[in-house]
*Asks:* 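What follows is a structure written as structure tokens; I'll ask about it next.
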Amino acid sequence: MPILGQNQYGKAENRVVKITRDGATHNIKDLNVSVSLSGDMDEVHYSGSNAHVLPTDTTKNTVYAFAKEHGIASAEQFGIHLARHFVTSQEPIRTARIRIEEYAWERIGTAGEGEHSFVRQGQETRLTQITYDGSSWEVVSGLKDLTVMNSTNSEFWGYVKDKYTTLPEAYDRILATEVSSRWRFNWSDDEQQTPDWETSYEQVKRHMLEAFAETYSLSLQQTLYQMGSRIIDHRAEIDEVRFSLPNKHHFLVDLEPFGLKNATEDGAVYFAADRPYGLIEATVLRDGCEPRIPVDLTNL
């Protein structure tokens with residue numbers, strides 16, 4: 001007889017926008033929340049009995065009700081509230097996983113005229129995943145779609161060459177990538193002091209960008225390691241950082257047919273290629289810690 005394996009269920013991509021009013025000044029939290037629950041769910045698969053099933057519509061309603069009842073101080077804290085509720089209020093549910101995307105809005109105008117007007121920021125999407133099994137927590141936060149570029153201070157040479165190699169060595173090139181990253185907090189139980197989630201996110205992003213900007217790069221791998229190392233060195237609450245960095249190639253355009261020199265040192269013209277692209281991925285860990293972030297970030 002076939003045996004049921006791992007299973008989970010929930011309501012995915014609940015779009016929640018919470019407005020907090022402080023007099024005439026408004027603040028926005030714009031989230032996309034996905035709930036996934038697992039536990040004693042064998043019978044619903046074997047016989048169709050829903051006796052242990054909390055409807056996914058109920059999980060959706062809980063997300064919206066909690067946004068009003070508890071507010072949204074941060075994506076992480078909101079996810080913690082939800083995960084704790086589902087595990088502690090429903091005996092059959094043993095584990096709750098909450099995934100959240102957060103979309104940033106920037107205030108328009110100056111004080112007195114722009115406290116309620118916003119423009120959607122076109123940079124990264126903030127991410128977090130909260131997992132709770134009734135006794136311990138795992139919080140993995142991150143970001144995606146953060147596009148960065150160094151227009152110089154990057155080289156690529158000395159690599160392996162064989163009969164199929166056509167790429168010329170570069171001693172002054174553009175280095176650009178679209179950062180996708182996840183970092184794991186070492187906060188795991190309620191006895192520990194909770195991190196300041198908002199400050200942590202801003203500081204991690206700052207160290208990531210500063211390392212990218214300040215590294216004279218001989219390879220994207222080197223830059224990745226410097227980005228992760230700087231986070232580990234400066235943020236004691238984080239034990240592991242995972243990056244997936246597509247190399248957004250910029251190739252010099254051949255302008256010789258038009259009698260034009262296209263030299264890097266003179267301010268060159270490039271062709272920005274969207275595909276194929278090199279994909280550089282790696283994890284940077286605090287010494288003594290084990291990797292727990294999935295290698296494939298599409299599964300996180």
Side-chain angles (χ1 to χ4, degrees), residues 1-18 29-103 125-145 180 182-185 187-191 194 197 240 242 244 290-300:
M1 175 182 174
I3 301 299
L4 179 68
Q6 193 279 337
N7 61 89
Q8 58 195 36
Y9 79 104
K11 195 69 118 184
E13 300 201 40
N14 300 278
R15 290 289 283 109
V16 185
V17 177
K18 174 68 170 70
K29 281 292 187 180
D30 186 352
L31 308 182
N32 188 22
V33 182
S34 294
V35 177
S36 183
L37 309 174
S38 58
D40 183 7
M41 298 294 162
D42 288 6
E43 199 56 40
V44 67
H45 291 86
Y46 289 137
S47 70
S49 170
N50 292 311
H52 289 177
V53 175
L54 182 72
T56 64
D57 188 68
T58 303
T59 69
K60 174 204 70 177
N61 293 340
T62 304
V63 169
Y64 290 110
F66 269 44
K68 181 62 177 176
E69 290 181 57
H70 301 285
I72 303 175
S74 67
E76 287 85 356
Q77 192 59 51
F78 188 61
I80 288 168
H81 281 313
L82 287 169
R84 191 192 305 276
H85 167 78
F86 290 123
V87 171
T88 59
S89 67
Q90 302 294 324
E91 193 278 331
I93 296 173
R94 310 288 166 70
T95 302
R97 187 193 71 202
I98 312 297
R99 288 179 172 173
I100 300 177
E101 297 181 345
E102 179 175 348
Y103 313 113
T125 298
R126 179 175 170 177
L127 308 167
T128 193
Q129 175 177 287
I130 314 297
T131 306
Y132 182 54
D133 64 4
S135 60
S136 64
W137 298 90
E138 182 181 79
V139 180
V140 178
S141 294
L143 56 80
K144 64 179 181 179
D145 302 330
S180 180
R182 309 291 187 276
W183 47 90
R184 179 172 56 83
F185 291 87
W187 179 80
S188 61
D189 67 66
D190 290 316
E191 299 302 315
T194 306
W197 307 110
E240 177 184 7
R242 176 82 183 166
S244 179
E290 296 293 326
R292 292 166 60 181
I293 298 176
V295 169
D296 185 356
L297 293 185
T298 60
N299 292 325
L300 179 62

*Asks:* Atom CE in M41, atom CG in N50: separation rounded to 0.5 Å?
*Replies:* 10.0 Å

*Asks:* What distance do R126 atom CZ and S74 atom OG have between them, rounded to the nearest 0.5 Å?
*Replies:*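 Rounded to the nearest 0.5 Å, the CZ-OG separation comes to 6.0 Å.
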
*Asks:* When rounded to the nearest 0.5 angstrom, what is the spacing between CG in L127 and OG in S141?
*Replies:*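 So the gap between those two atoms works out to 8.5 Å.
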
*Asks:* What distance separates S34 OG from R99 CZ, expressed to the nearest 0.5 Å?
*Replies:* 8.0 Å

*Asks:* Could you pull out the closest heavy-atom pair between L37 and A96, with the gap in Å?
*Replies:* CD2-CB, 3.8 Å

*Asks:* Could you tell me which non-hydrogen atom of V16 sits nearest to which non-hydrogen atom of A67, and how far apart they are?
*Replies:* CG1-CB, 3.9 Å

*Asks:* Any non-hydrogen side-chain atom of T62 less than 4.5 Å from a side-chain atom of L54?
*Replies:*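 A side-chain contact under 4.5 Å is absent here.
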
*Asks:* Below 4.5 Å, heavy atoms only, C-beta onward: do F86 and T95 meet side chain to side chain?
*Replies:*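 In short, these two side chains do not touch, never coming nearer than 4.5 Å.
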
*Asks:* Who passes ring pair (Phe, Tyr, Trp, His ring centres under 6.0 Å) against Y132, sequence neighbours left out?
*Replies:* W137

*Asks:* Report the residue from T194, T128, V140, V139 that forms a side-chain contact (heavy atoms from CB on, under 4.5 Å) with F185.
*Replies:*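 When T194, T128, V140, V139 are each tested with F185, the side-chain contact (heavy atoms from CB on, under 4.5 Å) holds only for V139.
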
*Asks:* Please, which pairs that meet ring pair (Phe, Tyr, Trp, His ring centres under 6.0 Å) have at least one residue in residues 32-67, sequence neighbours excluded?
*Replies:* F66-H70, F66-H85

*Asks:* Kindly say whether I130 contributes a backbone atom to a donor-acceptor pair with the side chain of R97 at under 3.5 angstrom?
*Replies:* no

*Asks:* Output the distance between atom CZ (R242) and atom CG (L297), rounded to the nearest 0.5 Å.
*Replies:* 6.0 Å

*Asks:* Tell me, with the steps shown, if Y103 and N32 meet side chain to side chain contact (heavy atoms under 4.5 Å, CB included).
*Replies:* CA-CA 8 Å; Y103 313 113; N32 188 22; 3.4 Å; yes

*Asks:* Counting heavy atoms not belonging to E13, are there more than 12 under 6.0 Å from its CD?
*Replies:*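 Not buried by this count: 12 neighbours or fewer within 6.0 Å.
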
*Asks:* Work out which heavy atom in Q6 is nearest to a heavy atom in Q8; give both atom names and the distance.
*Replies:* NE2-OE1, 3.0 Å

*Asks:* Please lay out, stage by stage, how V53 and Y9 fare under the test side chain to side chain contact (heavy atoms under 4.5 Å, CB included).
*Replies:* CA-CA 9 Å; V53 175; Y9 79 104; 3.9 Å; yes

*Asks:* Locate the shortest heavy-atom distance separating A75 from L31; write the atom from each residue and the value.
*Replies:*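 Where A75 meets L31 most closely, the heavy atoms are CB-CD2, 4.5 Å.
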
*Asks:* Under the salt bridge (charged side-chain N to carboxylate O under 4.0 Å, His left out) definition, can you give me all pairs with a residue in residues 40-67, not counting sequence neighbours?
*Replies:*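 Of all non-adjacent pairs touching residues 40-67, those that pass salt bridge (charged side-chain N to carboxylate O under 4.0 Å, His left out) are D57-K60.
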
*Asks:* Excluding sequence neighbours, so at least two apart, what forms salt bridge (charged side-chain N to carboxylate O under 4.0 Å, His left out) with R184?
*Replies:*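 Checked R184 against salt bridge (charged side-chain N to carboxylate O under 4.0 Å, His left out); matches are E240.
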
*Asks:* So how far is it from I72 CD1 to I100 CD1, rounded to the nearest 0.5 Å?
*Replies:*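 Between atom CD1 of I72 and atom CD1 of I100 there are 7.5 Å.
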
*Asks:* Got a sec, which residues hit salt bridge (charged side-chain N to carboxylate O under 4.0 Å, His left out) with D190, two or more places apart in sequence or on another chain?
*Replies:* R84

*Asks:* Please, which pairs that meet salt bridge (charged side-chain N to carboxylate O under 4.0 Å, His left out) have at least one residue in residues 291-300, sequence neighbours excluded?
*Replies:* E138-R292

*Asks:* Could you walk me through whether W187 and W197 pass the side chain to side chain contact (heavy atoms under 4.5 Å, CB included) check?
*Replies:* CA-CA 11 Å; W187 179 80; W197 307 110; 4.1 Å; yes

